[in-house]
Amino acid sequence: MSFALSAPDLARALIGATLHVRGCTGIITETEAYTPDDPASHSFPGPTKRNASMFGPPGHAYVYRSYGIHWCLNVVGLPGHAVLIRALEPLDGIAAMIHRRGRAAPLTTGPGMLAQALGITGSDDGRPFGTAEFHLVLGPPTEIVIGPRIGITKAADWLRRYGKKGSKHLSRPFPSSV
DNA sequence: ACTCTGATGTACT
DNA sequence: GTACATCAGAGTA
């Protein structure tokens, strides 16, 4: 697939896709889009050391540390565009996920949990998607629900959170989903 | 069910 | 010094 998309386009395309990370796999159920003109985006101030991979080639990972504790995984699109992977439906490697999480549930319903379950750390920052151990496979067309993003204060009303309609594997319900 | 708070790396004022 | 794309645990009800 081509990753050279705007963050909102890429965020919609990734809903229903399967993420493979070193033997663990899951279906992406929730994403958020961050564009360079978005005050809440790490790319908004321009390139820095931390966000360098956000301005690198499309189809690579941008991994950053959140609140000093967690790692969060993004897929880079066009320069300065990235999509935060917020939740997964676990498929394979669940035993490894439980081991890394230290509990049976919840495993992957939040960006920090998801990165921990899959063993993603800062060493994955800048890694290209497309190798046997680290890649994405698009799923069939999926019904998508849209809502405001979570956990931000700037541009909090922008409707740039995307979810797989009806999924049980979301960090939080969507306002419109019933 | 809910609210509050601690943990703590990196970037910014 | 302060803010932050978060989570888990403790407390209240």
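First the proteins, then the strands, lettered A, B, ... as listed; each starts at 1. Keep in mind that what you see is a predicted model, and the values were worked out from it rather than measured.
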His20(A) side chain to Thr25(A) backbone, donor-acceptor under 3.5 Å: no
Partner residues of Phe129(A) under the ring pair (Phe, Tyr, Trp, His ring centres under 6.0 Å) criterion, sequence neighbours left out: Phe134(A)
Rounded distance in Å - CH2 (Trp71(A)) to C1' (dC4(C)): 15 Å
Distance-only side-chain donor-acceptor flag, Arg101(A) / Gln116(A), under 3.5 Å: yes
From dA5(C), dC4(C), dT8(B), nucleotide with atom closest to Thr153(A) side chain: dC4(C)
OP1 or OP2 of dA5(C) under 4.0 Å from side-chain N/O of Ser41(A): no
Rounded distance in Å - CE (Met54(A)) to C1' (dA11(B)): 14 Å
Short side-chain N/O contact to dC7(C) OP1/OP2 from His70(A), under 4.0 Å: no
4.5 Å side-chain heavy-atom contact, Leu73(A) and Asp124(A): no
Touch class at under 4.0 angstrom, heavy-atom based, for Arg149(A) against every strand present: nothing
Validation row: Tyr64(A), Asn51(A) side chains within 4.5 angstrom (heavy atoms): no
Touch class at under 4.0 angstrom, heavy-atom based, for Gly112(A) against every strand present: sugar-phosphate
Asp38(A) to Ala155(A) - nearest heavy-atom pair and separation: OD1-CB, 3.7 Å
Between P of dG9(B) and CG of Asp125(A), the distance in whole Å: 18 Å
Side-chain touch Leu159(A)/Pro148(A), heavy atoms, less than 4.5 angstrom: yes
DNA chain B base-pair string [pairs: Watson-Crick or G-U under 3.5 Å; |: paired with another strand]: |||||||.||||.
Sugar-phosphate only, base, or nothing, as touched by Leu84(A) at under 4.0 Å among non-hydrogen atoms: base
No-hydrogen, no-angle side-chain donor-acceptor test under 3.5 Å, Ser167(A) and Glu89(A): no
Distance between P atoms of dA5(C) and dT13(B) (Å, rounded): 14 Å
d(OH, Tyr162(A); C1', dA5(C)) in whole Å: 15 Å
Arg161(A) vs dA5(C): side-chain N/O to OP1/OP2 distance below 4.0 Å: no
Given DNA chain C, 5'-ward residue of the pair Arg101(A) and Lys154(A), judged by closest heavy atom: Lys154(A)
Value in whole Å for how far the C1' atom of dA8(C) lies from CD of Gln116(A): 11 Å
Between P of dT6(C) and CD of Glu30(A), the distance in whole Å: 10 Å
Distance-only donor-acceptor test (3.5 Å): side chain Tyr64(A), base dA5(C): yes
OP1 or OP2 of dT6(C) under 4.0 Å from side-chain N/O of Arg86(A): yes
Pro45(A), nearest nucleotide to its side chain (from dA5(C), dA8(C), dC12(B)): dC12(B)
Candidates dC4(C), dC7(C), dT6(C) - which lies nearest the side chain of Ser66(A): dT6(C)
Among dA11(B), dA8(C), dA5(C), the nucleotide that comes nearest once only the side chain of Tyr34(A) is considered: dA5(C)
Side-chain (Thr31(A)) to main-chain (Thr29(A)) donor-acceptor, under 3.5 angstrom: no
Spacing of the P atoms in dT5(B) and dA13(C) (rounded, Å): 15 Å
Distance, rounded to the nearest Å, where Tyr67(A) contributes OH and dA8(C) contributes P: 15 Å
Any Arg103(A) side-chain nitrogen or oxygen under 4.0 Å from OP1 or OP2 of dG9(C): yes
Atom-pair distance (CD on Glu32(A); P on dT6(C)), nearest Å: 7 Å
Listed nucleotide nearest any side-chain atom of Thr48(A), set dC7(C), dC12(B), dA5(C): dC12(B)
Which nucleotide in dA7(B), dA8(C), dT6(C) has an atom nearest any side-chain atom of Cys72(A): dT6(C)
